[in-house]
Amino acid sequence: MRAIALSLVVVSSFAAAQVEPTAPPIVTTPEEQSPPQVVTPANPPLQPEVTPPPAVDPTYVQRCFAVPGQVWIPMPTGHYYFVSASSTAPLSSFHEAQPASGPSAPTAGSATGGNASGGGGNEISGKAILVLAVVLVAALPIVVYVIDDDAPAVVAQRFHCPSFGFDAVGGVDFGPRNGATGGGSGRFTFGYAYFGSDFQFDLSAGAINSWAGHVLLRIAPKKHIEPNIAFGFRTMSLGGSLRQGFELGVPHRYVFTRDGLRQLSLELRPTFMFGLGTLDVGLEAALIVPLVEPLHFRVGGRVQSFGEEIIGGMNAGLSLNL
């Protein structure tokens, strides 16, 4: 019996040894349950370096007479880099963007004329009304210039380059003597920085024939206005009569839209002519419409006094500016 019991004990122990123990339960931590989606590196990536603009050496012709207009900004190294001419940013917003040294900028002044002699009684003559209108047109640019913004870079840069212009128009003149008659006008203009000149001639089959020359005091352009002051001499003939004298004018443009050097603008030319005890006034107006740089279409008219007579007209033509 003892042998049988011992055998049972040995068999039971051998069977228990064949059963593997149960593994303990696995406890997951919060980090293992939801691993981070974004891993922050120990050293943040470096910012890419800004590539400097390529340095070039444009010729004087490229900087001043390129078509379409271009903007070249000087660099400290003596080279230049290119800026799109379609940019509306002023020249002062670019690094080292001061234009070439030149004469000091003049102060804009107002042009005023003397009082015109009117008709008898309390009636206001047509010439007196024309004088008042010319005075107002000549004074308005001063107000606009003060409140306007700086001109785009391409305009400011070209202001310090030589410029040449030619206007040619034809149309109809209306006067009390001969009614409607054909006529035409031409104007040559030169400018460089703050100074310039122009020469104009007017031919008519039955109205005023005249010629005039001026020295221009050019004011640095703004975003919406380009003013000038003109000093010169004018001679006019109508029939057998001749009038001549010193002339003061305020030719200027109001610019509505710009695309480089192309512009949609209104050009106004109020003038005062002082003779020996006489005063004559004139006003030219033209809408300037861009075609292809440097060509513009112009359409408008003019009014000119000759003594107490008022001569008017309408015309259209082209403007070429380089």
Side-chain angles (χ1 to χ4, degrees), residues 69 71 85-93 97-99 102-113 132-165 167 187 189-198 200 214-232 247-272 281-290 293-294 296-302 319 321-322:
V71 184
S86 61
S87 172
T88 59
L91 193 62
S92 58
S93 65
Q98 294 299 322
S104 300
T107 303
S110 62
T112 57
L132 178 60
V134 172
V135 170
L136 293 177
V137 172
L140 183 59
I142 301 174
V143 179
V144 177
Y145 192 88
V146 171
I147 63 176
D148 200 10
D149 297 326
D150 291 339
V154 66
V155 177
Q157 189 175 68
R158 281 297 181 95
F159 177 76
H160 294 273
C161 291
S163 61
F164 306 88
D167 305 332
R187 180 185 297 111
T189 306
F190 169 77
Y192 180 68
Y194 299 101
F195 301 98
S197 62
D198 69 16
Q200 177 181 351
H214 305 91
V215 174
L216 300 178
L217 184 62
R218 298 177 3 126
I219 313 300
K222 287 293 192 76
K223 186 175 183 179
H224 297 100
I225 189 168
E226 299 178 358
N228 303 278
I229 300 177
F231 307 89
E247 187 168 71
L248 172 65
V250 188
H252 59 281
R253 286 186 180 185
Y254 295 103
V255 182
F256 305 127
T257 60
R258 294 186 187 272
D259 181 10
L261 294 177
R262 300 167 69 241
Q263 57 179 237
L264 176 65
S265 59
L266 175 65
E267 182 179 275
L268 298 176
R269 292 178 171 268
T271 58
F272 305 84
V281 294
L283 177 61
E284 294 184 44
L287 179 66
I288 311 298
V289 181
E293 189 178 334
H296 289 71
F297 173 73
R298 57 188 299 130
V299 57
R302 62 179 179 179
S319 293
N321 296 279
L322 293 175

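Note that the structure is predicted; figures quoted are calculated from it, not measured. Residues: numbered from 1 along the sequence shown.
Checking Ile288, Leu266, Ile225 one by one against Arg253, the side chain to side chain contact (heavy atoms under 4.5 Å, CB included) holds for a single residue, Ile288.
Scanning all heavy atoms of the two residues, the minimum distance from Ala230 to Leu216 falls at CB-CD2, 3.6 Å. Asn321 and Ser319 get closest at one heavy-atom pair: ND2-CB, 3.9 Å. Heavy-atom minimum distance, Ala138 versus Phe272: CB-CE1, 4.2 Å. Residues Ala193 and Arg218 share a closest heavy-atom pair of O-NE, 2.8 Å. For the pair Phe159 and Pro221, the tightest heavy-atom approach, listed with the atom from each and the gap, is CD1-CD, 3.4 Å. Shown here for His296 and Arg262, the closest heavy-atom pair between the two residues is NE2-CA, 3.8 Å.
In this structure, the side-chain contact (heavy atoms from CB on, under 4.5 Å) partners of Val299, at least two apart in sequence or on a different chain, are Leu287, Phe297, Ala316. For Arg187, the side chain to side chain donor-acceptor pair (under 3.5 Å) test picks out Asp167, Gln200, Glu284, with sequence neighbours left out. With sequence neighbours left out, the side-chain contact (heavy atoms from CB on, under 4.5 Å) criterion links Ala89 to Ser87, Ser93, Phe94. Taking Leu140 as the reference, Val144, Tyr254 meet the side-chain contact (heavy atoms from CB on, under 4.5 Å) condition, with sequence neighbours excluded. Partners of Phe231 by side-chain contact (heavy atoms from CB on, under 4.5 Å), not counting sequence neighbours, listed by chain and number: Leu217, Ile229, Phe246, Leu248.
Residues Arg269 and Asp198 form a side-chain contact, since some pair of their non-hydrogen atoms from C-beta on lies under 4.5 Å apart. Between Tyr145 and His224, every side-chain heavy-atom pair lies at or beyond the 4.5 Å cut-off. With contacts defined as side-chain heavy-atom distances shorter than 4.5 Å, the pair Val250/Asn228 does not qualify.
Judged purely by atom type and a 3.5 angstrom limit, Ser163 uses its side chain to pair as donor or acceptor with the backbone of Gly191.
For residues 220-232, the salt bridge (charged side-chain N to carboxylate O under 4.0 Å, His left out) pairs, not counting sequence neighbours, are Glu226-Arg258.
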Problem set entry | Pair His214-Thr189, side-chain contact (heavy atoms from CB on, under 4.5 Å): steps then yes or no | CA-CA 10 Å; His214 305 91; Thr189 306; over 6 Å; no
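Using bins of under 30°, 30° to 60° and over 60° for the plane-to-plane angle, the ring pair Phe190/Phe164 lands in the tilted bin.
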